[in-house]
J.: 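First, the structure itself, so that you have it in front of you.
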Amino acid sequence: MEEKLWKDHCVLLNKDEENELEIFGYKTQGWRRALCIAGYILSCGALLLLFYWKPEWDVWANCIRCSLEEADIVLLRTTDEFQRYTRKKVTWIDLSTLALPVGSNSDGPLVADKDSVINRAIMKPQLKVRSIQVQKIRYIWDFSAKEFKKVGSLEDSNTCHSIHHKFGAGLTREEQKIRQLVCGPNAIEVEIRPIWKLLFKEILNPFYVFQAFTLTLWLSQGYTEYSVAIIILSIVSVGLTVYDLRQQSTKLHDLVEEHNKVQVTVCTKSEGCKELESCYLVPGDMFLLDGKKLSLPCDAVLIDGSCVVNEGMLTGFNTAKGDLVRSILYPKPVNFKLYRDAFKFIVGLSAIGVFGLIYTVCVFVSHKKPVADVVAMALLLLTVAVPPTIPAALTTGTVYAQRRLKKKKIFCISPQRINICGQINLVCFDKEMDDSSTAQDGAGALNTCVVRPGPKASSAPVEGIAILHQFPFSSGLQRMSVVSQKIGEEQYDLYMKGAPEIVSSFCRQETVPANFLEELNMYTSQGFRVIALAHKVLNLGKDVDTSSLERDEAESGLTFLGLLVMENRLKQETKPVLQELAAAHIRSVMVTGDNLQTAVTVARNAGMIHTGSKVILIEANEPEGSTPASIAWRLAEERKTNTAAPREVCANTEEKITLEGETCNYHFAMNGKSYQVIIKHFYSLLPKILVNATVFARMSPGQKSSLVEEFQKLNYYVGMCGDGANDCGALKMAHAGISLSEQEASVASPFTSQIPNIQCVPELIRKALAMMADIFGTVSLNEAYPKLAPYRPPGQLISPPLLLSIILNVCFTIIMQTCGFLLVKKQPWYVALASQRHCSPGNQTVSLTSPGGNGTSSSAQSSVLSYKDTTLWPLSSINCIIVAFVFSKGKPFRKPIYTNYVFSVLLTLQLAVCLFLFFADIDAVYSGMEDVILQNKHLWLLLKAWFGYQSKSQYRKWQRMLQRDPNWPPVNRKDFAVKSTDEIYINPTYEHSNED
């Protein structure tokens, strides 16, 4: 019984999808609601603010648990590691005011499609529909399935026949209105958020609320100057954040708004065809494309004719573009240690503050101080323990980093990811772009292609060729075909192009040359990009409808024509960038859709695989009959110089990039098919392979996303650089996805670069490193250092290097202040005010208390004489200036402090004022402090060696283990999967290569 109640109370929404959610049903109770309202009033809004931060507490306090069918409030929880809660109100859509479709009644189905969820969601006889709106998507309650179902698109269960039968003649006007009311408008509605909303959302952050309380308390106790300084800094910080959020909101609104009002010709059963705006389209509408170039306003099924569609232009939140826009509006939280450690850090400081509060209360109560003084001092010590400038510092650093990136033509839609970029230690590059890449950019991120006709090439004696039908290219099929006809002739021809191994499989074997594979390997091993071409004469007869051709039938029995060989030239910027990343200990991995041999050669030319390293090709195969899945390891042949090839085709002279501590002299390479088999049958081997895998060829978009995820499981911080189209999934999955495309599909990527090459990668990392140095040091906003360092700054606040710097600085401060305290007590004119009434000669100020403890007048209490405070104040002030200087260190992540003129001048002026007040020159005491106090790399490495510290990252553990394994890597052998287990057994008979 309890299990059934829980099942009715909680179900999964969008099961097995990227935006999967748990949904819980709750019903509001009057007396609970009344108590909460009273709590809001009595707490002066504090309880309401707490419920704003914790919506689940709001629901639990106001409501009781019930089934989803009875619920008026639902609580949504993400199924990821963060488990974030969202509160939504169940609303009712009233259909009783609409005219019912002709022939229908209140008891029968209201829409013609009897299988539609709309019919199952209408409550009879009230004609109402229960609905919720979650992240711009509407869900309605299905009374038969007892769950919320997404609306706004046709059901996936519809077959081609049912689509023609149900919707081929269009909808009635009455049914259109019902669907419009239930499904909502066909538009991506992105409002430009008002400034006051953005402002309130920002200042209601828990950090700022605590800061407001702290500053109010400090101002009431007379700490005016410091409080005003923090207020000014916070106002600037909040203003910059609100301005940037407003700009992003406006740009996103402008991006999608132009596609929301496309004029379309819609056909209905009763009124024929007429034009209307696309926002009024509903699922099931039939509309005409008149042959002109226009924006397709929705996902649609082509029921007659043919067309070519750019999916990047689709509208509506249920389309691919809608998903991309929603991913911007509702980004997934970033699991970055900095934010978790910041919370732990604040909790730790708060605990220290609580101890101070307890001590203060005990001391003041024992001295019988007034209650007001006890409370004020206790709260002061509590608030002083937590730095009130933390949110302003983090926000200011992020905003400035974003603007620095913008100057380098790198645009960011997810500012919180900038921090992560400073931790990147592996970057995946897509070697080539789509066939739709511009001629200027050629073949992609790493290289460009040059095509030269052969010496026997000649112009085709044809007046013209008409393209009648197209079977489009897809990364899964790795081919495309067109049906064409020569002008003035009746013959129909089919031409195919694609991956050579795929195209040859569709050709008659007698037309494929016997040395096909040998020729293919010869060209690909030299780094050429190779495409195969094939042809077939179609016997279709006159006036045939080519759009009705079946692809499988048309693309069979082809004649092999030959190979189209294109030269892959590295872009000028590619090799220096890869060398810079390698010198900074950042791995580079190639993930491409090209041929494996071509990819390996390009990787060698680019320096990803340096001279002298071996390449082990991995080939894995699915089970066949009684033979289990197998994985073979073969040493790749060294590239041989082809004297027949033109001189300019040869690769540039390779340079070995020496990495500090580099012990790997082999690299794994595989294609997407083998990767998929390894995932399925040899998953236990995958970590061992990935720590030394450099080339992945013939990878589909889904496999690229999977590869990025597997790297992340090994604790790599992964960057992905691609074209923003086929790589959308991988760009979103990576810690830092960088799109080199300005197309609209690139909005899937957190970063978009207008620089059409991979120079943006080290530029982004440099800016992120400078920002992290700001966060973990002083927010001096120095520019990024021009050269990448071979190590990363700490990725967490509670890290040994940072703790070491803090401990050393605390020790230095204690020593300095203790010495000052002891020295002043040894002076002959020193007076302890608690026991003496007189003062030093020449000083006319009278002490406040007599030996008997009698108080003085109120005017005397306002100026307290203390030799200890007088001594420690300038020492502390100068110490703060020195700390600001030391923690603003430049190299290796930021430029030197003297390049930041404003900051340097301010520090100098502050120091001059302190020295003037102190009448002493102590500048020499602190010379050379930078290397001792802050993040001393050599000292930290020495301590690591003493204590035997080793990295806990998964990929480091695997690297250490594999270095100790004498049987790794396997070469020239074949392993088989054992059925029903992840283990493998090794075939004792090695399959050696044929060559000696």
Side-chain angles (χ1 to χ4, degrees), residues 16 474-479 498-510 512 514-518 520-521 524 532 551-553 555-558 593 595-597 600 615-637 666 668-693 695-700 702-704 706-707 709-710 713 958 962 965-996:
D16 298 328
S474 77
S475 56
L477 298 176
Q478 297 182 12
R479 70 182 190 274
E501 57 270 28
I502 299 297
V503 172
S504 62
S505 66
F506 287 90
C507 297
R508 302 195 309 276
Q509 289 305 306
E510 64 270 17
V512 180
N515 63 341
F516 167 75
L517 291 178
E518 183 181 344
L520 178 61
N521 288 334
T524 55
R551 183 166 191 168
D552 292 340
E553 182 180 349
E555 295 181 334
S556 62
L558 278 67
N595 177 275
L596 180 58
Q597 287 285 358
V600 170
V615 176
I616 299 174
L617 302 180
I618 299 176
E619 183 178 352
N621 294 295
E622 291 279 2
E624 293 184 6
S626 60
T627 305
S630 64
I631 179 171
W633 319 77
R634 179 171 57 88
L635 195 62
E637 298 177 2
Y666 64 91
F668 290 122
M670 72 183 79
N671 58 27
K673 173 179 166 291
S674 296
Y675 174 79
Q676 202 65 37
V677 174
I678 292 171
I679 288 283
K680 186 176 180 181
H681 299 283
F682 301 96
Y683 190 77
S684 61
L685 286 176
L686 189 62
K688 297 182 179 181
I689 294 171
L690 291 184
V691 293
N692 289 115
V695 176
F696 296 85
R698 294 283 190 241
M699 296 286 281
S700 67
Q703 289 169 343
K704 292 178 182 179
S706 171
L707 178 64
E709 187 175 11
E710 293 299 330
K713 289 179 182 178
W958 280 105
L962 294 177
D965 188 349
N967 299 320
W968 191 265
V971 178
N972 296 332
R973 84 180 191 203
K974 192 171 186 178
D975 306 331
F976 294 91
V978 177
K979 293 182 179 179
S980 303
T981 68
D982 287 335
E983 299 176 357
I984 64 170
Y985 69 86
I986 300 173
N987 186 355
T989 305
Y990 293 136
E991 296 191 355
H992 295 284
S993 58
N994 294 329
E995 295 187 8
D996 293 333

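Source: prediction; values computed, not measured.
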J.: Whether the side chain of Lys673 engages the backbone of Asn621 through a donor-acceptor N/O pair (distance < 3.5 Å, no angle test) should be reported.
T.: no
J.: Return the minimal non-hydrogen interatomic distance between Arg698 and Asn671, and the atom names on each side.
T.: CB-CB, 4.2 Å
J.: Is there a side-chain contact between Glu710 and Ile679, using heavy atoms and a 4.5 Å cut-off?
T.: yes
J.: Tell me, yes or no, whether the heavy-atom count around Glu510 atom CD, taken from other residues, nucleotides or ligands under 6.0 Å, exceeds 12.
T.: yes
J.: To the closest 0.5 Å, what do you measure between CD (Glu501) and CD (Gln478)?
T.: 6.5 Å
J.: Working to the nearest 0.5 angstrom, can you tell me the gap between Asn692 CG and Ile616 CD1?
T.: 8.5 Å
J.: Would you compute the distance between atom CG of Asn521 and atom CG of Leu596 and round it to the nearest 0.5 angstrom?
T.: 10.0 Å
J.: For Ala977 and Pro628, which heavy atoms make the closest approach, and how far apart are they?
T.: O-CB, 3.1 Å
J.: Any side-chain to backbone donor/acceptor pair from Gln703 onto Gly672? Under 3.5 Å, distance only.
T.: yes
J.: Checking Asn972 side chain against Leu635 main chain: does a donor-acceptor pair fall under 3.5 Å?
T.: yes
J.: Output, in order, the C-alpha distance, side-chain angles, deciding distance and verdict of side chain to side chain contact (heavy atoms under 4.5 Å, CB included) for Phe682 and Lys688.
T.: CA-CA 11 Å; Phe682 301 96; Lys688 297 182 179 181; over 6 Å; no
J.: Is any side-chain heavy atom of Trp633 closer than 4.5 Å to a side-chain heavy atom of Asp975?
T.: yes
J.: How far apart are the C-alpha atoms of Ile678 and Met670, what are their side-chain angles, what is the distance that settles it, and do they pass the side chain to side chain contact (heavy atoms under 4.5 Å, CB included) test?
T.: CA-CA 10 Å; Ile678 292 171; Met670 72 183 79; 3.9 Å; yes
J.: Determine whether Val677 and Glu619 make a side-chain contact, defined as any pair of heavy atoms from C-beta on separated by less than 4.5 Å.
T.: no
J.: Using side-chain heavy atoms (C-beta onward) and a distance below 4.5 Å, is Leu690 in contact with Phe668?
T.: no
J.: For residues Asp965 and Asn967, report the shortest heavy-atom separation together with the two atoms involved.
T.: OD1-N, 3.0 Å
J.: So, do Leu520 and Gln597 sit near enough that their side-chain heavy atoms are less than 4.5 Å apart?
T.: no
J.: Heavy atoms only: give me the nearest Tyr683-Pro687 pair and the separation to one decimal.
T.: O-CD, 3.5 Å
J.: Heavy atoms, side chains only, cut-off 4.5 Å: are Pro500 and Asn595 in contact?
T.: no
J.: With a 4.5 Å heavy-atom cut-off, do Phe506 and Ser504 have their side chains touching?
T.: no
J.: Under a 4.5 Å cut-off applied to non-hydrogen side-chain atoms, are Pro623 and His681 in contact?
T.: yes
J.: Assess whether side chain to side chain contact (heavy atoms under 4.5 Å, CB included) is satisfied between Thr524 and Val600, documenting all intermediate values.
T.: CA-CA 9 Å; Thr524 55; Val600 170; over 6 Å; no
J.: Just do the side chain to side chain contact (heavy atoms under 4.5 Å, CB included) check on Ile689 and Trp958 with the steps written out, would you?
T.: CA-CA 10 Å; Ile689 294 171; Trp958 280 105; over 6 Å; no
J.: Which heavy atom in Ile618 sits nearest to a heavy atom in Ser674, and how many Å separate them?
T.: O-OG, 3.5 Å
